[in-house]
Amino acid sequence: MQYQPEKVEKKWKQYWVDNKVYKVDIDTSKPKFYVLDMFPYPSGAGLHVGHPLGYIASDIVARYKRLKGFNVLHPMGYDAFGLPAEQYAIQTGVHPEVSTAENIARYRSQLDNIGFSFDWSREVNTSDPKYYKWTQWIFLQLFASWYDKNSGKAQPISVLISRFEEGGSSVVNAAHSNDRGFSSEEWKNMSDIDKDQILMNYRLAYRKVGYVNWCEALGTVLANDEIKDGLSERGGHPVEKKAMTQWSLRITAYAERLLNELEHLEWSDALKTMQRNWIGRSEGARVFFKLENFDDTIEIFTTRPDTIFGSTFMVLAPEHELVPAITTAAQKVEIENYKNYVSSRSERDRMSDVKEVTGAFTGANAIHPITGEKIPVWIGEYVLKDYGTGAIMAVPSDDERDKVFAEKFGLTIIPVVDKSNYPGAGIHDKTGIMINSGFINGLEVKEAIQRMLDYIESNGLGRKEINYKLRDANFSRQRYWGEPFPIRYDEEGVACTLDEDVLPLVLPELENFLPATDGRSPLARAEQWVHETPGFVRETDTMPGFAGSSWYFLRYMDPNNENEFASGPSLEYWKDVDLYVGGTEHAVGHLMYSRFWHKFLFDIGKVPTREPFLKLINQGMIQGVIEYLFMKKEKVNGQTVFTSAEIVRQKDSEDGYTKIPVHVDFVRSGGANGSYLDIKGILKFTEWRPEFANAVFESGNGYKGTAANFLDKDSTDEIKIYLVSEIGKMSKRYFNVVNPDDVVARYGADCFRMYEMFLGPIEQSKPWDTKGIEGVQKFLRKFWSLFFDDEKWLVNDTLATAEEKKVLHTTIKKVCDDIERFSLNTSVSAFMVCVNELKRLECHTAEILEPLVRLLAPFAPFITEELWQNLGNSSSVHKSTYPVYNPEFLTSDTVEYPVCVNGKKRDMIEVSKEMSAAEIENMVMAMDMVQKWLEGKAPKKIIIVPDRMINIVV
RNA sequence: GCCGAAGUGGUGGAAUUGGUAGACACGCUGGACUCAAAAUCCAGUGCUAGCAAUAGUGUGCGGGUUCGAGUCCCGCCUUCGGUACCA
């Protein structure tokens with residue numbers, strides 16, 4: 001019987017559904033194991049071959065753990081709110097709910113096609129009101145909480161209010177953004193609106209001014225992703241920063257815990273380092289600088305208080321609230337112009353450009369808190385509003401950017417750290433001896449920092465402080481397709497929450513998904529919805545993408561619960577995720593927000609664990625090849641011109657050309673350097689992009705013409721328009737998506753699964769390529785042929801030989817070790833080696849083949865299910881047990897040693913395991929090869945590494 | 001710019017703790033079977049020299065530590081991911 005994957009796979013897919021093979025429930029008789037994948041955003045392009053990489057790996061582990069006797073929770077769902085569906089709705093009028101449902105249906109069928117063992121009864125969809133009811137509920141809990149630094153956890157706002165009543169703001173040690181202190185009397189006499197404003201600055205979900213990318217021409221707020229080189233990607237219009245009051249989450253309150261509690265997690269060091277650096281804890285001082293002629297003070301944060309004597313000017317973020325007040329009349333125009341320039345700059349550009357600094361003088365001076373000198377106050381884009389206090393004391397002698405700034409604007413530089421005793425020390429290294437620094441002269445930097453901190457505190461100039469690079473998370477989006485806030489504002493503008501029992505607050509129906517005026521969310525168009533309750537207006541912003549994904553892993557534990565986000569017993573049983581698999585692109589964003597929400601839920605007693613994800617594996621990306629055509633920026637005689645890449649390369653500059661992505665299906669020799677469009681490709685391209693129907697194509701061999709001119713050419717290879725290939729994301733926007741369905745249709749799901757694993761280590765990124773998939777296909781056929789020849793069943797009951805047992809048990813050991821350390825590419829090789837060996841030994845005994853089927857089942861669930869049935873079993877192979885390796889079968893009496901001379905392998909020698917080192921030495925010295933290399937001399941040293949190798953040093 | 005990762009034959013990759021570099025595959029070359037093809041099977045395959053035995057050389061580049069370095073250290077280069085509103 002021939003191996004026919006399509007037949008076998010169809011049969012077992014149905015069987016699994018009919019018999020609910022992967023359904024899982026709480027079972028306290030078994031240990032639990034939770035295997036989670038980062039759920040996909042269901043994009044219009046469908047699932048591509050990159051998505052399943054992690055899913056296959058986690059599915060193998062889930063199946064392996066099940067066979068090992070664990071009760072495995074292995075769910076899947078959809079992160080279904082997002083920008084692309086909304087953009088699609090604007091373009092086509094199709095409601096995001098409709099397109100999302102279609103995309104989900106497509107994803108589901110694609111996922112089913114690959115044979116995953118998900119328990120689909122637990123599917124989660126973040127855009128389903130039954131789900132986002134609980135996202136809104138969590139938001140309400142955040143709104144109703146503040147962070148008490150004394151108890152180190154979130155507390156109800158009611159506790160805060162009673163503290164204020166008892167002792168005012170000074171008795172509270174909270175994470176907050178409140179800038180005025182008050183006594184209990186003052187609190188009691190405050191109006192409700194004032195109280196509300198104060199409380200807002202303590203809430204974990206609060207409102208503050210944030211900056212959005214505003215595009216006047218498009219009348220909309222843009223995502224960073226929609227901006228290229230400072231212009232809108234659609235249309236190339238200017239983009240500027242615009243201030244808007246927005247919801248924000250006080251993640252900074254959790255900075256210390258997010259940092260410290262990383263330690264026990266089984267995450268890669270690289271990932272932990274990324275999170276640590278993102279949190280960016282630094283110890284230093286907050287120092288107050290008085291202003292000349294103003295009552296206000298400028299607050300700065302510095303990690304180098306020792307260098308304060310070298311501070312010769314100050315720089316404020318251009319958005320700093322003091323800037324308008326302190327700018328002198330003479331400097332007003334300059335400051336305004338500079339602020340306009342800065343609002344056109346992205347934050348990334350502001351941080352990246354270190355060679356060129358820019359800035360403007362406010363005309364104001366600050367008073368140096370120690371020397372009393374007047375120092376000028378500037379604004380500069382390299383100081384960010386949301387980092388630290390949004391202001392710095394500039395020390396041009398000991399900071400790179402301050403130095404460049406001082407040099408450019410002719411400001412004073414006073415050297416304060418003598419590094420002459422530390423050759424090779426960089427400008428930021430905390431080493432050297434203080435000079436020109438008054439009472440700390442002569443001290444080592446580290447000592448000077450301590451001395452200065454003490455001085456600052458005891459003289460009331462400031463205080464020690466810990467600062468974090470981590471910033472509070474902007475939680476508002478001016479979009480339709482997201483969770484509505486369960487918030488409405490009264491006539492005074494006070495934010496009032498909806499009652500929990502009216503949740504979910506469902507998105508209103510809309511026809512037009514374009515943003516409303518002034519960049520307000522499209523929700524503002526739903527007049528009736530906005531004004532539903534007399535005297536109130538609803539919040540029209542929606543929550544960002546990370547809202548729903550910050551807690552979905554909890555919902556899987558009890559996905560259909562209508563009374564709670566998940567029941568106590570289910571949370572208590574499943575606890576946390578034992579294995580989380582997903583891409584590094586989420587290293588800081590999603591993983592940081594999820595940990596934050598989880599810790600908050602822990603604080604309010606809703607989850608039993610401090611951390612959500614115990615072990616995490618980052619899968620690499622499967623990249624696509626992006627193929628670009630060179631297009632001349634300027635039209636020639638009114639026509640668009642595409643130029644073959646070799647012509648452009650001869651000019652050693654790509655200036656004057658734009659790169660237009662081409663659908664990879666049109667390209668010949670794609671992926672390599674010599675990819676090109678032939679005549680057929682050009683015709684397909686112009687058909688696909690009708691706006692280029694009359695474009696001129698220039699080839700390297702002198703042809704020039706439009707697609708129509710090429711029609712009469714006989715040979716499609718006569719004209720080659722070469723392209724540039726780049727490795728990048730597989731994405732609809734680059735037209736390079738490869739659908740797993742196509743691969744499965746051709747080779748079968750088992751083959752696709754094993755091939756994706758065989759491609760290389762799971763953590764590594766690599767471009768998709770089907771070169772080599774036939775090796776895996778051959779393996780599966782060969783495996784099958786151990787059981788069946790053309791028509792006959794070959795498996796018999798003969799006793800297995802020692803050699804056969806050795807092959808099997810070597811493989812069991814290797815595969816188990818590999819799964820445990822997540823090295824799935826090498827376990828596929830191990831299976832190949834095993835089958836090659838068994839084939840050579842003409843092994844057809846059930847004693848070997850039956851455990852081998854179980855061993856392979858997690859990798860190739862279909863073919864093994866079929867063979868398992870043929871072996872006479874009536875239940876699923878996935879309900880059996882995993883084979884256990886027996887070391888007895890692997891013993892050997894001899895060891896083969898490589899014999900090296902000076903570390904270079906020269907010969908091999910087989911040695912009995914019983915031999916002593918001295919005996920081996922004698923044996924080695926007697927070898928002809930050794931004598932030849934010694935050339936009569938005595939060896940300096942003989943190194944014998946047991947079971948490894950022998951090295952002779954000459 | 002900053003943070004993180006990767007770089008090994010023609011290609012994907014293996015080498016788990018400093019100990020035989022290139023397992024397993026793809027591709028290629030030659031052969032068997034076949035009228036022919038597909039499929040299958042056998043042999044070879046890092047590079048250079050050599051009929052061969054063998055020798056030299058070889059893990060992005062330049063240094064270093066070590067009896068021994070793909071693996072550790074220092075300095076670079078290139079590519080990828082993130083950089084706070086793509087998900």
Side-chain angles (χ1 to χ4, degrees), chain A residues 38-41 43 79 81-84 87 210 212-213 221-227 251 268-271 273-278 280 347-355 382 386 400-401 469-474 476-479 544-546 549 583-590 592-593 618 620-621 623 726-729 731 733 755 758-761 763-767 769-776 778-779 781-782 785 817-818 821 823 825-826 828-833 836 896-906 908 940-943 945 948-954:
Chain A
M38 287 184 186
F39 63 166
Y41 172 78
S43 84
D79 188 12
F81 275 133
L83 219 45
Q87 202 51 49
V212 296
N213 302 309
V221 173
L222 296 177
N224 289 336
D225 210 46
E226 298 175 294
I227 302 169
I251 187 172
S268 70
D269 288 337
L271 186 56
T273 306
M274 274 192 264
Q275 290 228 335
R276 283 190 195 110
N277 292 339
W278 185 263
E347 204 167 86
R348 180 124 21 118
D349 289 338
R350 288 173 59 173
M351 288 187 291
S352 302
D353 288 350
V354 285
K355 286 183 193 135
Y382 74 99
D386 287 327
E400 203 83 57
R401 286 166 310 176
K469 202 153 71 193
L470 182 73
R471 308 193 313 231
D472 281 345
N474 183 348
S476 284
R477 301 290 182 270
Q478 292 70 42
R479 305 284 179 186
F546 70 82
S549 61
T584 14
E585 65 271 26
H586 300 289
V588 281
H590 161 63
M592 195 71 82
Y593 296 129
N618 275 131
M621 286 196 140
Q623 293 146 329
E726 276 177 20
I727 304 286
K729 277 189 182 179
S731 153
R733 67 203 292 185
Y755 179 61
F758 189 59
L759 272 177
E763 307 87 349
Q764 227 162 78
S765 294
K766 52 230 144 196
D769 195 341
T770 47
K771 244 188 272 163
I773 194 167
E774 271 154 40
V776 176
K778 271 187 214 163
F779 157 78
R781 284 203 196 123
K782 216 187 261 187
S785 76
D817 287 355
D818 284 352
R821 69 190 176 96
S823 172
N825 54 328
T826 52
V828 176
S829 310
F831 280 117
M832 287 174 170
V833 173
N836 287 347
E896 241 202 334
Y897 279 104
V899 180
C900 306
V901 178
N902 291 334
K904 197 101 196 142
K905 188 184 104 179
R906 295 296 174 185
M908 299 290 288
K940 259 193 194 157
K941 203 175 178 185
I942 299 180
I943 296 155
V945 185
R948 281 286 184 183
M949 52 90 70
I950 296 166
N951 190 20
I952 300 159
V953 186
V954 182

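All values below were derived from every heavy atom in this structure, side-chain atoms included, with hydrogens, water molecules and symmetry-related copies excluded. Just so it is clear: chains get the letters A, B, ... in the order the sequence lines come, proteins before strands, and each one is counted from 1. The model shown is predicted, which means the values in this text are computed figures rather than measured ones.
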Nearest-Å distance, [atom1] ([X]) to [atom2] ([N])?
| X | N | atom1 | atom2 | value |
| --- | --- | --- | --- | --- |
| A:K905 | B:A69 | NZ | P | 16 Å |
| A:D769 | B:G10 | CG | P | 17 Å |
| A:K904 | B:A55 | NZ | P | 11 Å |
| A:M351 | B:G82 | CE | C1' | 11 Å |
| A:K778 | B:A25 | NZ | C1' | 9 Å |
| A:E347 | B:C85 | CD | C1' | 12 Å |
| A:F758 | B:C24 | CZ | C1' | 5 Å |
| A:R821 | B:A14 | CZ | C1' | 10 Å |

Please confirm whether the shortest side-chain N or O distance from [X] to OP1 or OP2 of [N] is below 4.0 Å.
| X | N | answer |
| --- | --- | --- |
| A:R948 | B:A15 | no |
| A:Q764 | B:A5 | no |
| A:R781 | B:A39 | no |
| A:K729 | B:G82 | yes |
| A:R350 | B:G1 | no |
| A:N836 | B:C24 | no |

May I ask you to say what [X] touches in the nucleic acid, namely base, sugar-phosphate or nothing, with a heavy-atom cut-off under 4.0 Å?
| X | value |
| --- | --- |
| A:S823 | nothing |
| A:A587 | nothing |
| A:G82 | sugar-phosphate |
| A:H590 | nothing |
| A:P761 | sugar-phosphate |
| A:V776 | nothing |
| A:L470 | base |
| A:L83 | sugar-phosphate |
| A:M832 | sugar-phosphate |

Next on the checklist: For a quick check under 3.5 Å, do A:T826 and A:D818 share a side-chain donor-acceptor pair by atom type?
Outcome noted: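 A:T826 vs A:D818: donor-acceptor pair found between side chains.
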Searching all strands shown, indicate the nucleotide that pairs with [N] (Watson-Crick or G-U wobble; both distances under 3.5 Å).
| N | value |
| --- | --- |
| B:C61 | B:G75 |
| B:C67 | B:G19 |
| B:C51 | none |
| B:G4 | B:C80 |
| B:A39 | none |
| B:C85 | none |
| B:G27 | B:U45 |

Checklist entry - Side chain of A:D79, backbone of A:P40: donor and acceptor closer than 3.5 Å? => result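 Here the side-chain-to-backbone pair does not exist.
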Checklist entry - Hey, is the main chain of A:L271 close enough, under 3.5 Å, to the side chain of A:S268 for a donor-acceptor pair? => result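 The answer is yes, because a donor-acceptor pair under 3.5 Å joins these two groups.
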Considering only [options], which nucleotide approaches the side chain of [X] most closely?
| X | options | value |
| --- | --- | --- |
| A:V588 | B:G1, B:G82, B:C85 | B:G82 |
| A:T584 | B:G27, B:G81, B:A87 | B:G81 |
| A:S352 | B:G4, B:C86, B:G1 | B:G1 |
| A:S829 | B:C26, B:A14, B:C24 | B:C24 |
| A:T273 | B:U20, B:G4, B:A87 | B:G4 |
| A:K782 | B:G81, B:C41, B:C85 | B:C41 |
| A:E774 | B:G27, B:G19, B:C85 | B:G27 |
| A:D225 | B:C24, B:C86, B:G4 | B:C86 |

[N] and [M]: how far apart are their [atom1] atoms, nearest whole angstrom?
| N | M | atom1 | result |
| --- | --- | --- | --- |
| B:U66 | B:G70 | C1' | 16 Å |
| B:U71 | B:G60 | P | 8 Å |
| B:G7 | B:A14 | C1' | 16 Å |
| B:A38 | B:A87 | P | 50 Å |
| B:U11 | B:A23 | P | 15 Å |
| B:C76 | B:C67 | P | 28 Å |
| B:U78 | B:U29 | C1' | 34 Å |
| B:C28 | B:U17 | C1' | 37 Å |

Item to check | Lys/Arg N to Asp/Glu carboxylate O, A:R471 vs A:E347, below 4.0 Å | outcome: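 Counted as a salt bridge, because a side-chain N and a carboxylate O are separated by less than 4.0 Å.
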Item to check | Salt bridge flag under 4.0 Å for residues A:E226 and A:R479 | outcome: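 So A:E226 pairs with A:R479 through a salt bridge.
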Checklist entry - Under a 4.5 Å cut-off applied to non-hydrogen side-chain atoms, are A:V953 and A:I942 in contact? => result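 They are not in side-chain contact.
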Next on the checklist: Does any part of the side chain of A:M351, heavy atoms only, come nearer than 4.5 Å to the side chain of A:Y382, both counted from C-beta?
Outcome noted: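 No, every pair of side-chain atoms sits at 4.5 Å or beyond.
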Is there a donor on the side chain of [X] or the base of [N] sitting less than 3.5 Å from an acceptor on the other?
| X | N | result |
| --- | --- | --- |
| A:K469 | B:C2 | no |
| A:E585 | B:C86 | no |
| A:N951 | B:C67 | yes |

Item to check | CE-NZ distance between A:M621 and A:K729, expressed to the nearest 0.5 angstrom | outcome: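 Rounded to the nearest 0.5 Å, the CE-NZ separation comes to 5.0 Å.
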Item to check | Whichever of A:P84 and A:V945 has its nearest RNA chain B nucleotide further upstream toward 5' | outcome: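 First, find each residue's nearest nucleotide; the 5'-ward one identifies A:V945.
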Item to check | Toward the 5' end of RNA chain B, by each residue's nearest nucleotide, A:N902 or A:Q623 | outcome: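 The residue mapped nearer the 5' terminus is A:N902.
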Checklist entry - Taking the chi torsion of B:G9, is it syn (within 90° of 0) or anti (everything else)? => result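 Judged by the O4'-C1' to base torsion, B:G9 sits in syn, the angle falling within 90° of 0.
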Checklist entry - Aromatic rings A:F546 and A:Y593: how do their planes relate, parallel, tilted or perpendicular, breaks at 30° and 60°? => result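 Parallel, since the angle between the ring planes stays under 30°.
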Next on the checklist: Can you confirm whether A:R948 is buried at CZ, in the sense that more than 12 heavy atoms of other residues, nucleotides or ligands lie under 6.0 Å from that atom?
Outcome noted: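 At most 12 heavy atoms, drawn from other residues, nucleotides or ligands, come within 6.0 Å of this atom.
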